[in-house]
Number of protein chains: 2
Amino acid sequence: MARRRQAVTIKHVAADAGVSLQTVSRVINNEPNVRPEMKERVQASIDKLGYVPSIAAQRLSGSRSYLILAINDRDRTIADWQARQGTDWVDQMLLGGMLKCAEHGYRMIFELVDTHSDHVERELLGAIAALQPDGIILTPPHSDNPQIVSFLAEQKIPFVRIGSIQNGAGIPVSMDDEGSAYQATEHLLERGHRRIGFISGSSEYALSGWRVDGWRRAMTEAGLPCDGLLAEGDFSFASGVEAAGKLLSGPQRPSAIIASNDQMALATLEVARLMGLTVPRDLSLISFDNTPLVHFTQPPLTAVDQPIAATTSRAVELLIAAQKGQPAPKELTVERASIFVRESVAPLADAPGA
Amino acid sequence: MARRRQAVTIKHVAADAGVSLQTVSRVINNEPNVRPEMKERVQASIDKLGYVPSIAAQRLSGSRSYLILAINDRDRTIADWQARQGTDWVDQMLLGGMLKCAEHGYRMIFELVDTHSDHVERELLGAIAALQPDGIILTPPHSDNPQIVSFLAEQKIPFVRIGSIQNGAGIPVSMDDEGSAYQATEHLLERGHRRIGFISGSSEYALSGWRVDGWRRAMTEAGLPCDGLLAEGDFSFASGVEAAGKLLSGPQRPSAIIASNDQMALATLEVARLMGLTVPRDLSLISFDNTPLVHFTQPPLTAVDQPIAATTSRAVELLIAAQKGQPAPKELTVERASIFVRESVAPLADAPGA
DNA sequence: ATGAAAGCGCTAACAG
DNA sequence: CTGTTAGCGCTTTCAT
């Protein structure tokens, strides 16, 4: 293999501008103590020669790497990719993360890590030692994994925990799961629904619990019971079928259901259809995630939109701020979710007989 | 900012194993001239200390960076992400690319580059000089951009051009656009269709032309005329509406249409519906890309599946081989596309009156 | 088969 | 304000 070297290095620039390496370095890093005319002269040489600093060299000499590592769960991500169901979590992360990184001259590197592995730490260490990122973004279910969190804390690398509300090491950034479930429930209550079923997500994800909490709070505040209205799922279509079946075949079936993700909402739609129930006439339905498929179902689904791009963008900002030595915000950072209203919810008055 | 240093370096390992740095380096890189027992001893220290080489240091000292850069068109990619229509091109690239990279101890870095920019070269140089990747993957429409290709050739970095059939600098890897369009046309011909319309994609993409070529070849071989059966689109829904309108409102409307991507197929579906035509009874439809949405249309679309993951995986293999000094294959590398048969195609016998 | 020395491109620390 | 020196962690010579 040819030994590939940097074509233009700081040395060339220094020689061209007739200054020392250090001055060039100062200009690159926008440091003070450089006279404007000097700075201009150096910048001219940089432009002329097309010089770009090597992050390898920058990192090696103890400076920043300008790399932000975004870590996702390996199994789940690969499964989503292979299933080709249009889950666009990764795309939205890249959208929010890469653009914000680019604004600051950083780069986002996307990595997969296996949660279930007994050597998570080795995997993490591999990525960290090899890449030396300036910051790390953790996503569910990693964000609340104590093993991962404590390991990262030891490494002294700033990290954000997306989808977490726990304080502790790292900076938690929440997508307000409790609040959005509450909001979705309210949306139904306002339209006259009283028996509102809820299909929860995998208990491996802390956010699953918060969504249940939000629903329960809204129900309780409205003076309504929750008994028999909660069914457990695990985010899979199959679990959605089972959960929906349980809810819809009970003695007093709910007039509305909130599913903790789109796949389970899809399953609910299918179960309803098989039972001869028409959505939204006989059953109102709200889903979580708002992935592209909700446009194409019959009817299109009203859904809670997770602000993934905005959250990732925020995470990058927090990381870059931390890297500059600014303290993490004391308050939990929250990106509010919103409900996209489509056609799967009807007022209860429109129920059978109306 | 704290000056973060590598926790465990090659020095620590060398000291622990009681050997020279050099020997450790040889073990890491699997080089010859190390006695098995020596190798074992060093490996034991590596495992014990949890040592991982720093790519920054490796790269800086003239070795590999273990980084593969995958470059996509900025505008189009961002537009796809924002549109949230479930286009999973990026996901499939990551799926194929990241997994193959991981197999070989490489990492894939995903980058966006603006083709239309007058300083493409600066953008590319920025990424290359900063990251020093061992290989680059180009995707359409970059793959045949002479400016980009010649610039990369100068840099002496191995690169693959996905979706290209031209020889020249870099290694072309084709998804057989001509062949799959031919195949799709055949699929319809076999079912009795004679007037088969074709909606082309943006002429900015060379593959658009090849798809037209494939369709034309199949028609010609079957002794059928193509006149008035080709409509130009640009991959957008709007252009699909226009193209489908043109094809379907002519004097002799086609009994089948092939659209060069899913969005235009969706548009065709909509136009047909508005004209009172039922798919597939009155019009058969085949689309390209097979993005997730084709499952959800009414009816689900028969579609040509682009083997994006397989192609990216292959691209990574070729790059790693090139990096090892192996010559690029003399023949054009082709990953065959396949047709996913769903419900949007009917034999012509089933046409009106059947 | 192993080790020692030099240097990759850059920045931190210290001079002046 | 600017320059000099040392060294980051590793691989490449070149010895032995």
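Just so you know, these numbers come straight off a predicted model, no measurement behind them. Here is how names work: the chains are called A, B, and so on, in the same order as the sequence lines, proteins then strands, and each is numbered from 1.
Side-chain proximity of B:Ser61 to the nucleotides C:dT2, D:dC1, D:dC10 is greatest for D:dC10. The nucleotide whose nearest atom lies closest to any side-chain atom of A:Lys11 is, among C:dC8, D:dG9, C:dC10, C:dC8.
Residues B:Val52 and A:Arg26 both approach DNA chain D. Their nearest nucleotides, taken by heavy-atom distance, put A:Arg26 toward the 5′ side. The nearest heavy atom of DNA chain C to B:Arg35 and to A:Pro53 marks one nucleotide each, and the one closer to the 5' end goes with B:Arg35.
Within the 4.5 Å cutoff, the side chain of B:Val42 has no heavy atoms near those of the B:Arg26 side chain. For the pair A:Leu112 and A:Glu123, the minimum side-chain heavy-atom distance is 4.5 Å or more. Within the 4.5 Å cutoff, no side-chain heavy atoms of B:Phe159 are placed close to those of B:His142.
The residue A:Val24 sits apart from the nucleic acid: no heavy atom pair falls under 4.0 Å. Contacts of A:Pro32 with the nucleic acid, taken as non-hydrogen atoms under 4.0 Å apart, are absent. Residue contacts shown for B:Gln22 include a base, since a base heavy atom lies under 4.0 Å away.
Rounded to an integer number of Å, the gap from A:Asn33 CG to D:dC1 C1' is 6 Å. Rounded to whole angstrom, the span from the CD1 atom of B:Ile55 across to the P atom of D:dT11 amounts to 12 Å. Rounding to whole angstrom units, CZ of residue B:Arg64 and P of C:dC8 are separated by 20 Å. Taking atom CG of residue A:Asn29 and atom P of nucleotide C:dC10, one finds them 11 Å apart after rounding to whole Å. One can place CD of A:Gln58 at 13 Å from P of C:dG9, the figure rounded to the nearest angstrom. The distance from atom CD of B:Gln132 to atom P of C:dC8 is 14 Å, rounded to the nearest whole Å. As rounded to whole Å, 18 Å separates atom C1' of D:dG9 from atom CD1 of A:Ile128. Whole-Å rounding puts the B:Glu31 CD to D:dT13 C1' distance at 12 Å.
OP1 or OP2 of C:dC10 has not a single side-chain nitrogen or oxygen of A:Ser54 nearer than 4.0 Å. Taking side-chain N and O atoms only, A:Ser25 has a distance below 4.0 Å to OP1 or OP2 of C:dT11. The phosphate of C:dG3 (OP1 or OP2) has a side-chain N or O of B:Thr23 nearer than 4.0 angstrom. Distances shown here put every side-chain N or O of B:Gln6 at or beyond 4.0 Å from the OP1 or OP2 atom of D:dG9. Of the side-chain N and O atoms in A:Tyr66, none sit less than 4.0 angstrom from OP1 or OP2 of C:dC10. For A:Ser20 and D:dG3, the shortest distance from a side-chain N or O to OP1 or OP2 is below 4.0 Å.
Panel note: side chain B:Asp16, backbone B:His12; no donor-acceptor pair is recorded below 3.5 Å.
For the side-chain contact (heavy atoms from CB on, under 4.5 Å) criterion with B:Arg74, the lone passing option out of B:Ile71, B:Ile78, B:Asn72 is B:Ile78.
The closest side-chain donor-acceptor pair between B:Asn167 and B:Lys330, if any, does not fall under 3.5 angstrom.
In terms of polar N and O atoms assigned as donor or acceptor, the side chain of B:Arg59 never comes within less than 3.5 Å of the base of D:dG9 in a complementary pairing.
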